[in-house]
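First comes the structure, then the notes that go with it.
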Amino acid sequence: MFITSRYIFGRITKPKDIRILSDGSLSHARNQDTTAKIYTEACARHEIEPAPNTLKHLIERDKHAWMYTSEYPISGHDIDYAIEEATEIVSKMRKQLPPGPRNSEHCFMCDWKMFCQNDPAGEILEWIGVTNRDNYSGTQDVFKVTGYSRDLSRNSTFITSPSGMAAYLQCPRKWLFSYKYKKSPEKTAWESVSPRMLGTLAHAGAETIALFWKGMINQQMLEERREEAIINTAGELGSELLPHLKEHAPHAFKVGEQMFNEATKDLKEILHIEQRFIFRLPHCYSWVTCQPDLVGKDTHGNLVVVDYKTTGHQALASKASNFLNRRAMALYAHSVIHGKLVEE
């Protein structure tokens with residue numbers, strides 16, 4: 001069976017309106033962060049013809065500035081090597097003594113940078129501004145596994161994920177705080193509506209439209225799930241952030257639907273939607289849990305594993321190139337083929 005890894009990159013930034021010049025005329029500058037559709041509609045309202053070069057540029061730009069697909073085959077060798085790497089990484093994670101050294105090269109992009117400038121002082125559980133990281137399904141302490149004789153508990157079993165391994169390699173402290181202690185810094189009011197929040201809503205948009213397409217939920221349930229996603233994303237800043245998040249949510253959900261459409265354009269069947277799997281690493285009592293965004297079969301009967309990624313930047317092709325050698329997709333493929341289903 002042929003396996004395809006498919007990354008779908010969606011840009012959650014809203015296209016801008018066409019600039020109006022000081023004399024009231026429409027700008028035909030090609031460097032505007034907009035779409036060909038918005039441009040032609042603006043020209044129609046001003047009763048002018050679109051500039052051919054500008055329109056041609058925007059049509060070409062639309063092909064990669066808002067949505068981008070990167071896919072490649074996953075071979076048995078890719079999977080074997082990813083398993084080998086994961087086994088070695090996990091063996092180091094299990095031996096890690098807290099708090100562990102920090103990796104200062106990654107501090108600039110870490111949520112913990114304000115807490116962890118030097119040696120962390122005091123017990124993290126007592127830090128002011130730290131809250132429980134319990135807003136995603138992978139944080140549970142007990143995994144009920146289909147077809148397995150007993151539940152898997154973190155108290156007696158080492159369980160991690162591709163993102164947990166990636167966090168450990170970036171910085172052992174980041175992994176310790178976020179994945180072992182399951183904590184995160186509290187959101188602050190100044191963060192407002194961040195690209196990360198909109199990305200969360202885009203993922204919810206993709207998931208709900210997939211469930212609707214499969215007939216697993218109706219229109220009312222779809223709307224209820226999306227409303228719940230908005231509230232959960234706002235979190236502890238609910239009353240302050242909710243109105244702003246609701247204003248941006250429709251566009252984020254639309255991006256999610258577009259990512260789903262792109263992901264399924266050649267699929268004849270959707271097998272799994274946000275289904276969590278788990279498998280045991282060889283030669284050690286450690287388990288890896290994986291949750292692909294979507295798994296399906298294409299028109300040739302080949303397996304397609306989908307992972308959605310969102311960003312606020314327009315250089316989607318450049319961002320996609322950073323994911324070519326990630327082990328996560330190979331582990332996802334292995335979990336789908338050889339792993340067991342986790343009952344949520």
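For the atom pair Arg30 CZ and Glu60 CD, the distance stands at 12.5 Å (nearest 0.5 Å). Of the inter-residue distances, the one linking Arg61 atom CZ with Trp66 atom CH2 reads 5.5 Å to the nearest 0.5 angstrom. Taken from NE2 in His28 to CG in Leu26, the straight-line distance is 5.5 Å, to the nearest 0.5 Å. Note that the NZ atom of Lys174 and the CG atom of Asn103 stand 10.0 Å from one another [nearest 0.5 Å]. To the nearest 0.5 angstrom, Lys268 atom NZ is 9.5 Å from Asn302 atom CG.
Residue Gln219 places its CD atom among more than 12 non-hydrogen atoms of other residues, nucleotides or ligands, all under 6.0 Å distant. Other residues, nucleotides and ligands place more than 12 heavy atoms under 6.0 Å from the NE2 atom of His46. Around atom CG of Asp17, no more than 12 heavy atoms belonging to other residues, nucleotides or ligands sit under 6.0 Å away. Applying the 6.0 Å contact sphere to OH of Tyr148 captures more than 12 heavy atoms from other residues, nucleotides or ligands. In Asn31, the CG atom is crowded: over 12 heavy atoms of neighbouring residues, nucleotides or ligands sit closer than 6.0 Å. Atom CD of Glu105 has 12 or fewer heavy atoms from other residues, nucleotides or ligands within 6.0 Å. By the neighbour-count criterion of 12 heavy atoms within 6.0 Å, atom CD of Glu88 is sparsely surrounded, having that number or fewer from other residues, nucleotides or ligands. For CE of Met216, the number of neighbouring non-hydrogen atoms (other residues, nucleotides, ligands) closer than 6.0 Å is 12 at most.
Across all non-hydrogen atoms, the minimal contact from Leu58 to Gln32 is CD2-O, 4.2 Å. Looking at every heavy atom in both residues, Pro282 comes nearest to Ile83 through CD-CG2, 3.6 Å. Shown here for Cys290 and Phe279, the closest heavy-atom pair between the two residues is SG-CE2, 4.0 Å. In terms of heavy-atom proximity, Pro50 sits nearest to Thr40 at CG-CG2, 4.3 Å. Contact detail for Ala252 and Leu201: the closest heavy-atom pair is CB-CB, 3.8 Å. Heavy atoms only, all atoms of each residue included: Pro15 and Ile38 are closest at CB-CD1, 3.6 Å.
Side-chain contact between Ile3 and Ile79 is present, with at least one heavy-atom pair separated by less than 4.5 Å. Counting heavy atoms from C-beta on, the side chains of Phe9 and Met259 never come closer than 4.5 Å. You'll find the side chain of Thr311 stays beyond 4.5 Å of the side chain of Ile12, heavy atoms only.
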Evaluate the criterion side-chain hydrogen bond (donor to acceptor under 3.5 Å, both in side chains) for residue pair Thr146 and Glu343; output intermediate values, then yes/no. CA-CA 7 Å; Thr146 302; Glu343 299 178 17; 3.3 Å; yes
Stepwise ring pair (Phe, Tyr, Trp, His ring centres under 6.0 Å) test for Phe277 and His272: CA-CA 10 Å; Phe277 299 85; His272 304 287; 5.1 Å; yes
Evaluate ring pair (Phe, Tyr, Trp, His ring centres under 6.0 Å) for Phe2 paired with His300, printing each intermediate quantity in order. CA-CA 9 Å; Phe2 193 79; His300 302 289; 9.6 Å; no
Mind running side-chain hydrogen bond (donor to acceptor under 3.5 Å, both in side chains) on Thr310 and Arg11 for me, showing each step along the way? CA-CA 6 Å; Thr310 57; Arg11 189 173 173 215; over 6 Å; no
For Asp293 and Lys309, run salt bridge (Lys or Arg N to Asp or Glu O under 4.0 Å): C-alpha distance rounded to whole Å, both residues' side-chain angles, the deciding distance at 0.1 Å, then the answer. CA-CA 10 Å; Asp293 288 319; Lys309 299 294 181 184; over 6 Å; no
From CA spacing to verdict: side-chain hydrogen bond (donor to acceptor under 3.5 Å, both in side chains), Arg276, Thr289: CA-CA 7 Å; Arg276 185 168 293 281; Thr289 175; 2.9 Å; yes
For a side-chain hydrogen bond (donor to acceptor under 3.5 Å, both in side chains) check, start with the C-alpha distance between Glu262 and Thr69, then their side-chain angles and the critical distance, and finish with the verdict. CA-CA 8 Å; Glu262 182 68 17; Thr69 300; 2.8 Å; yes
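Between the side chain of Ser321 and the main chain of Ser318, a donor-acceptor pair closer than 3.5 Å is present. The backbone N or O of Lys16 sits less than 3.5 Å from a side-chain atom of Thr34, completing a donor-acceptor pair. Remark: side-chain polar atoms of Ser25 are not paired, donor with acceptor, to backbone N or O of Leu21 under 3.5 angstrom. The main-chain N or O of Gly256 is never found under 3.5 Å from a side-chain atom of His203 such that the two would form a donor-acceptor pair. A donor-acceptor pair under 3.5 Å is absent between the side-chain atoms of Thr264 and the main chain of Leu267, judged by distance alone. Of the possible donor and acceptor atoms, none in the side chain of Asp151 sits under 3.5 Å from a partner among the backbone N and O of Val145. In this structure a side-chain-to-backbone donor-acceptor pair under 3.5 Å is present from Lys214 to Ile270. Side-chain atoms of Asp78 never come within 3.5 Å of backbone atoms of Ile74 as a donor-acceptor pair (strictly under, hydrogens ignored). The main-chain N or O of Val306 is never found under 3.5 Å from a side-chain atom of Glu71 such that the two would form a donor-acceptor pair.
We find that Arg6 and Asp266 are joined by a salt bridge, their nearest charged nitrogen and carboxylate oxygen being less than 4.0 Å apart. In summary, Glu269 and Lys297 do not engage in a salt bridge, as defined by a charged side-chain N under 4.0 Å from a carboxylate O. Here Asp33 does not pair with Arg19 in a salt bridge; the nearest charged N to carboxylate O distance is not below 4.0 Å. The pair Glu41-Lys37 counts as a salt bridge, with a side-chain nitrogen and a carboxylate oxygen less than 4.0 angstrom apart.
With no hydrogens or angles considered, no side-chain donor-acceptor pair links Thr160 and Trp175 at under 3.5 Å. A donor-acceptor contact closer than 3.5 angstrom links the side chains of Arg94 and Ser286. Side chain to side chain, Gln291 and Tyr332 fail the donor-acceptor criterion of an N or O pair below 3.5 Å.
The cationic atom of Arg226 (NZ for Lys, CZ for Arg) lies less than 6.0 Å from the six-membered ring centre of Phe253 and within 45° of the ring axis.
The aromatic rings of Phe108 and His106 sit parallel, their planes meeting at an angle under 30°, below the 60° perpendicular limit.
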